[in-house]
Amino acid sequence: DADGKFVSPDEFIPLAEATGVIREVTQFALRAAMADLQHWAREGVALRLAVNISALDLGASDFVESISRNLRESNVPVSQLTLEITESALIRSPAEAISTLTALREKGIRLAVDDYGTGQSTLSYLKHLPVHELKIDKSFVTSLAANESDAIMVRSTINLAHELGLQVVAEGIEDEATLEMLKRLGCDYAQGYFISKPIASREFFELVVKQQGRRRVA
């Protein structure tokens with residue numbers, strides 16, 4: 001905020017949606033993502049970057065074209081962009097969401113369902129969605145190693161998602177025991193504070209370069 005304090009997306013995104021400025025927020029995030037990908041590419045680093053979008057974005061008639069325009073103008077390969085949409089947003093207007101997501105997928109954009117498990121849908125609903133990834137909500141992951149019901153839910157979700165041809169991301173990993181359990185369950189990707197807290201793009205890039213054992217070009 002104006003005082004330099006961290007404000008969680010859980011706080012400002014609902015406000016942005018309620019006040020109608022969420023589309024501007026999304027466009028800002030997309031432009032920032034394209035700029036980061038361009039910079040990393042100049043340094044010889046090719047990564048995939050995910051941007052969250054809103055149900056209001058999916059309902060905009062010019063949304064697909066705006067995404068295509070951002071990619072063209074930045075000269076970023078479409079394979080490097082992933083768009084994430086929450087499960088609750090998808091089931092709010094499923095027909096509209098499926099139509100827009102199908103158009104995005106046809107352009108080669110990778111799609112993910114975020115916060116899965118919180119929107120009261122089922123995996124059978126997912127077979128109608130043209131998505132590539134399923135992100136299990138942190139509420140089921142945080143206590144995974146200690147809560148048998150959460151473990152059952154996560155294990156069954158991973159198995160069924162794989163049967164549907166989807167890759168699975170677990171959110172909210174906060175300790176090594178949870179990460180190791182997810183590895184045993186066959187989860188494809190991991191996300192959470194145990195791996196890294198949110199950091200600035202420049203700091204993230206420096207970490208990637210360091211891990212690759214490379215020296216910055218510029």
With a 4.5 Å limit on heavy-atom distance, are the side chains of [X] and [Y] in contact?
{"X": "Leu111", "Y": "Leu104", "value": "yes"}
{"X": "Thr118", "Y": "Glu87", "value": "yes"}
{"X": "Leu144", "Y": "Met181", "value": "yes"}

query: With no hydrogens and no angle check, do the side chains of Asn159 and Ser156 hold a donor and an acceptor under 3.5 Å apart?
result: no

task: Indicate the atoms forming the closest heavy-atom contact of Leu56 with Glu17, along with that distance.
output: CD1-O, 3.7 Å

query: Of the non-hydrogen atoms in Ala103 and Val64, which two are nearest, and what is the gap between them?
result: CB-CG2, 4.0 Å

Got a sec: does the [atom1] of [X] have more than 12 other heavy atoms crowding it under 6.0 Å?
{"X": "Glu24", "atom1": "CD", "result": "yes"}
{"X": "Asn75", "atom1": "CG", "result": "no"}
{"X": "Phe12", "atom1": "CZ", "result": "yes"}

- prompt: Would you call Arg69 and Asp62 a salt bridge, taking side-chain N to carboxylate O under 4.0 Å as the test?
  reply: no

message: Less than 4.0 angstrom from a charged side-chain N to a carboxylate O is my criterion; do Glu65 and Lys107 meet it?
response: no

task: Quick one: list whatever passes ring pair (Phe, Tyr, Trp, His ring centres under 6.0 Å) with Phe204, sequence neighbours left out.
output: Trp40

- request: Only counting residues at least two apart or in another chain, list the ones meeting side-chain contact (heavy atoms from CB on, under 4.5 Å) with Gln38.
  value: Arg42, Ser74, Val76

message: Out of the candidates Thr100, Thr26, Thr86, only one should pair with Ile53 under the side-chain contact (heavy atoms from CB on, under 4.5 Å) rule; please name it.
response: Thr26

